[in-house]
Amino acid sequence: MAEQAVSPMMQQYFEIKKQHPDEILFYRVGDFYEMFYDDALTASRELELTLTGKNCGKEERAPMCGVPFHSYETYVARLIAKGYKVAICEQMEDPALAKGLVKRDIIRVVTPGTVIESSMLAEDKNNYLCAIYLKKQRRSWRAGVCFADISTGEAYATELSAEKMGGAIITELCRYMPSEILINTAMLDLKDVTAYIKQHTSALVELREDACCKDSVIDAELTAQFGADWRRTCGFAEGGMVPYAVGMLLGYLKETQKHGIERIRAVQNYADAQYMRLSPVTRANLELTETMRGREKKGTLLWVLDKTETSMGKRLLRAWIEQPLVDSAAINARLDAVEALYQENVARGDLKEALGRVFDIERLTTRILYGSATPREVCALGDTCEALPQVRRIAEASTAPLLQKLAADIDPLNDILTRIRSAIGDDPPANLKDGGVIRAGYNAEVDELRDIMHGGKGFLSQMEARLREETGIPKLKIGFNKVFGYYIEVSRSYTGSVPDTFTRKQTLTTGERYITPELKDLENKILGANERLLVLEHQLFADLLSAISGEILRIQKTASAVAQLDVLASFAEVAVCNNYVKPTVDDSDVLDIAEGRHPVIEQMLKGSLFVPNDTTLDEADNRMLIITGPNMAGKSTYMRQNALIALMAQIGSFVPAASCRVGVVDAIFTRVGASDDLAAGQSTFMVEMTEVAEILEHATKNSLVILDEIGRGTSTFDGMSIARAVVEHICEKIGCKTLFATHYHELTELEQDVDGVKNYNIAVKKRGEDITFLRRIVAGPADDSYGIEVAKLAGLPSSVTRRAHEVLRQLEASAPGANASMQLDFETVHAYQNPEVPSEVVDKLKSVDVETLTPIEALNFLYELKKALAK
Ligand code: ADP
Ligand code: MG
């Protein structure tokens with residue numbers, strides 16, 4: 001390539017690159033996106049592309065690599081997944097028509113939170129972009145957080161003002177799991193949040209300059225999006241932080257997306273109190289949407305409950321599981337709807353069949369709005385419209401108010417269907433460029449152009465015949481050559497009969513060649529037909545997209561109703577398949593379950609039967625159940641199943657039990673076995689205690705708390721003391737419903753000492769040295785720990801277990817108090833942990849007034865104490 005031809009383009013490249021130093025620049029050149037210099041080095045490494053060089057007018061060739069434009073999505077997706085951002089630079093005019101250098105511009109910056117291509121998104125998960133605006137006002141922190149899914153147009157925002165702001169923000173992040181997080185500079189001081197994001201998420205963090213958060217800028221963003229009256233129309237509280245977060249997010253979108261942010265039409269303000277509080281740890285422990293070990297869907301509550309038909313339903317189901325409700329009326333509305341669908345097997349089947357024909361119109365609408373939808377996708381919207389009347393009819397036929405409401409929200413979108421069907425042919429090509437998208441009969445010019453293209457020869461022979469007749473020249477011929485195009489040839493003997501309208505073009509020995517305006521017209525048509533047809537089809541398709549875009553609110557509302565129906569039908573289907581019952585949900589303080597089962601383990605067991613168990617918990621006499629039993633008896637399973645049943649009820653699902661009553665719980669807390677999080681890196685005991693501290697701080701009377709073997713991470717006596725103190729605190733100060741599994745038999749004494757504590761154990765049958773797990777929960781403490789028997793079950797050689805029994809007998813004989821069952825008396829333990837303190841020291845301590853001590857006096861005092869002890 002000549003030097004002069006290349007350099008101006010590279011100049012243009014540098015101009016554009018200057019504005020996007022942090023992104024990998026995909027620079028459109030013909031049929032490729034090319035990358036240069038550092039971008040090329042990075043991309044070739046990350047995408048395993050061949051690195052070449054481009055002559056750029058300088059001495060050294062520029063490192064370069066490229067990807068074909070038609071498959072760029074997969075490459076962008078891989079870069080995004082690796083944490084890069086990609087700026088897409090397009091040719092803004094047709095290179096064939098451009099005079100000089102082709103105009104180019106950035107049309108979009110693709111970032112993890114702004115992806116809309118279905119190939120880059122998980123269909124069953126929302127993809128959230130998050131903005132956090134933090135402000136320190138004297139001593140209190142306040143924050144606005146906003147989560148938006150650009151691919152569906154949903155946006156949620158809330159205001160946080162907590163003493164422990166870090167924890168509150170992390171809780172919100174866990175709720176939505178954003179893939180990209182915008183923060184203002186004040187957020188840099190919240191080290192716990194930034195550390196959390198780095199360690200526990202793969203989200204990209206983007207620091208927004210203070211200039212982006214100025215009042216005037218925020219006001220301008222919100223005005224542009226929602227009108228001058230945004231504060232009222234969006235329902236933002238006066239003086240709140242939410243507008244800053246929303247404004248920050250909109251500003252970022254405007255910067256990165258040249259268009260399409262109009263998809264966000266409203267922001268839902270949610271209050272923390274609308275949903276059950278679930279700490280990040282609890283979400284993980286209960287394995288709601290991913291397993292602890294493999295982080296997979298299989299083996300989670302989501303996995304059990306997902307019998308949805310649509311991607312929209314899948315995403316909503318996940319969202320519902322992540323956010324159980326606390327309003328019993330709202331919960332019962334869902335439960336009644338599920339019940340209606342549960343009872344009507346035929347209707348449910350029909351509904352699911354119809355839902356199966358519904359495409360992901362939520363995300364499709366976004367691509368239609370962006371103008372990037374393909375003809376096939378628009379056809380899919382048509383197919384969806386065809387399924388809507390059936391969906392609506394079934395919902396309408398039910399008496400459940402929620403189903404009625406959803407039916408009313410479903411707009412059959414008839415006009416859109418008609419429009420799509422009339423404009424687009426059956427079975428359109430995947431790509432608009434391939435032509436043949438517009439249906440015959442939709443547009444007269446398209447039809448004519450197609451006729452010309454396909455029947456061009458016919459036109460010519462028709463014209464030839466007509467001309468022969470008109471002129472009376474029998475041998476008149478229409479021919480074609482490259483120089484003159486189409487011409488009329490008349491042999492020499494007839495040139496005299498040629499009419500005036502013919503213009504002579506060429507003289508041959510045998511005759512003359514002419515053209516006429518009519519022939520030129522036809523020639524232009526034939527030669528230009530293909531090109532013109534493509535342009536016209538493009539135009540008509542774009543018109544169709546923008547017409548559909550105008551109806552976006554109706555589509556969005558319909559999509560949301562369909563998604564809800566899908567989830568409700570899924571709940572009903574699961575309830576039928578897995579034999580669930582409708583729970584009674586009210587505002588009582590009771591959790592009463594007859595024959596409850598663990599929803600996931602019962603599915604995993606396959607073949608062997610899950611043993612159901614009862615539970616009675618309230619905020620009075622049965623506040624705390626202390627559950628003992630040997631390892632592997634089923635303590636953890638039992639406790640989690642109760643938490644899961646309460647949670648399932650509060651998302652509106654039926655539950656695995658024979659009958660069940662759930663007084664709404666405001667939060668579930670879990671602290672699960674130290675052995676389970678060895679990988680955490682931190683000392684497990686520290687982790688455990690931090691989590692217990694959090695529970696004690698945040699649990700209320702209406703919470704459900706699960707403590708699984710706390711105190712395990714330290715020495716027996718320490719652990720037991722802590723466990724006991726925690727139990728006392730929860731029972732006396734908080735009064736919440738609590739399930740407490742422990743292998744400290746000593747703790748079963750608490751039943752006598754503390755109101756509301758009840759002992760239970762998971763029964764095992766002992767025969768000789770062998771035991772069988774009965775999996776039954778029964779009242780009363782376990783009588784033994786059966787550690788050695790369990791070890792035997794696990795396959796420890798019998799010589800070892802026999803010796804263990806011997807050692808145990810010796811230990812029991814020599815234990816303090818020689819208690820036969822080796823239960824340590826709590827008083828003894830206490831004394832052991834607190835050896836007599838000389839009374840002199842105690843007296844000194846009692847008499848000192850700490851407030852008035854100077855540091856020096858305090859040091860002296862300490863010195864004296866030590867001396868007294870040493871005596
Ligand atoms: P623990 O916490 O007492 O050590 P787990 O709750 O971990 O015991 O249970 C151990 C195993 O026992 C579980 O993985 C499960 O396979 C089985 N199990 C527990 N409860 C039941 C039950 N009710 N019915 C059938 N199998 C159960
Ligand atoms: Mg356990």
Side-chain angles (χ1 to χ4, degrees), residues 281-282 284-287 291-294 298-301 303-304 578-580 593-616 625-645 655-658 660 669-678 684 687-688 691-692 705-713 719 723 738-745 747-748 759-766 770-796:
V281 183
T282 304
N285 280 337
L286 293 179
E287 309 198 299
T291 55
M292 300 249 268
R293 246 151 258 258
K298 184 166 185 208
T300 64
L301 183 63
W303 170 71
V304 173
N578 298 352
N579 195 19
Y580 292 174
I593 300 169
E595 297 182 26
R597 286 129 39 209
H598 190 296
V600 179
I601 295 188
E602 94 169 326
Q603 297 303 318
M604 303 288 262
L605 277 181
K606 284 184 195 137
S608 57
L609 271 207
F610 190 89
V611 180
N613 274 308
D614 300 344
T615 305
T616 302
L625 313 188
I626 292 188
I627 300 154
T628 40
N631 267 326
M632 287 302 287
K635 300 183 294 298
S636 304
T637 307
Y638 174 71
M639 294 201 299
R640 285 182 200 202
Q641 104 190 12
N642 287 309
L644 286 171
I645 287 175
V655 297
C660 167
F669 294 96
T670 61
R671 168 56 230 168
V672 169
S675 56
D676 289 348
D677 52 21
L678 286 173
T684 48
V687 174
E688 180 174 349
E691 288 179 19
V692 171
V705 173
I706 286 182
L707 298 170
D708 199 343
E709 314 242 13
I710 67 164
R712 231 190 179 172
T738 308
L739 294 160
F740 188 119
T742 182
H743 60 286
Y744 298 132
H745 291 268
L747 293 181
T748 56
N759 282 325
Y760 283 88
N761 73 90
I762 303 206
V764 292
K765 204 163 83 190
K766 187 168 180 180
D770 292 317
I771 54 165
T772 321
F773 294 120
L774 299 179
R775 312 278 183 219
R776 276 260 169 234
I777 188 127
V778 291
D783 51 1
D784 207 331
S785 78
Y786 302 105
I788 300 173
E789 288 80 0
V790 176
K792 190 174 168 196
L793 265 188
L796 222 58

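Being a predicted model, the structure only gives us computed values, none of them experimental. Note that ligands are numbered from 1 as they come in the structure, with each ligand's atoms numbered from 1 the same way. We're numbering straight along the sequence, starting at 1.
- Atom CD1 of residue I627 and atom CD1 of residue I777 lie 4.5 Å apart, to the nearest 0.5 angstrom.
- Less than 4.0 angstrom separates atom 1 (P) of ligand 1 from at least one non-hydrogen atom of the protein.
- Taking CH2 from W303 and OG1 from T291, the interatomic distance works out to 11.0 Å, rounded to the nearest 0.5 Å.
- Scanning all protein heavy atoms for the shortest distance to atom 15 (C) of ligand 1 gives I601 CG2, 4.3 Å.
- Looking only at protein heavy atoms, the nearest one to atom 24 (N) of ligand 1 is V611 N, 2.8 Å.
- Atom CD of E691 and atom OG1 of T282 lie 8.0 Å apart (nearest 0.5 Å).
- Considering backbone and side-chain atoms together, A633 places an N or O closer than 3.5 Å to an N or O of ligand 1.
- Heavy atoms of L609 approach ligand 1 to within less than 4.0 angstrom.
- Not a single heavy atom of G629 sits less than 4.0 Å from an atom of ligand 1.
- Using a 4.5 Å heavy-atom cutoff, the side chains of I593 and Q641 are not in contact.
- Side-chain contact of S636 with D708: a donor-acceptor pair under 3.5 Å is present, judged by distance alone.
- By the 3.5 Å distance cut-off applied to N or O atoms, L605 is not counted among the residues near ligand 1.
- The protein heavy atom nearest to atom 21 (C) of ligand 1 is R775 CD, 3.3 Å.
- Considering backbone and side-chain N/O atoms, S636 comes within less than 3.5 Å of an N/O atom of ligand 1.
- Of all protein atoms, those of element N, O or S that lie under 2.8 Å from the Mg ion (ligand 2) number 1.
- The backbone N or O of I762 lies less than 3.5 Å from no partner atom in the side chain of R776, so there is not a single donor-acceptor pair.
- When side chains are defined from C-beta on, D614 counts as touching E595, because their heavy atoms get closer than 4.5 Å.
- Note: an N/O pair closer than 3.5 Å links T637 and ligand 1 by distance alone.
- Between atom CD of residue E709 and atom OH of residue Y744 there is a gap of 8.5 Å, rounded to the nearest 0.5 Å.
- At a heavy-atom distance under 4.0 Å, only backbone atoms of P630 (N, CA, C or O) approach ligand 1.
- Those atoms of ligand 1 that come under 4.0 Å of a heavy atom in N631, given as number and element, are 4 (O).
- To the nearest 0.5 angstrom, T637 atom OG1 is 14.5 Å from R597 atom CZ.
- Atom 4 (O) of ligand 1 has its closest protein heavy atom at M632 N, 2.6 Å.
- Side-chain contact check for V778 versus N761: some heavy-atom pair is nearer than 4.5 Å.
- Residues V764 and F773 are in side-chain contact: their nearest non-hydrogen atoms beyond the backbone lie under 4.5 Å apart.
- Considering backbone and side-chain N/O of G634, one or more are found under 3.5 Å from N/O of ligand 1.
- From M639, atom CE reaches atom CG of L286 across 10.5 Å, with rounding to the nearest 0.5 Å.
- Contact annotation: the side chain of N578 never approaches that of P656 to less than 4.5 Å [non-hydrogen atoms, C-beta and beyond].
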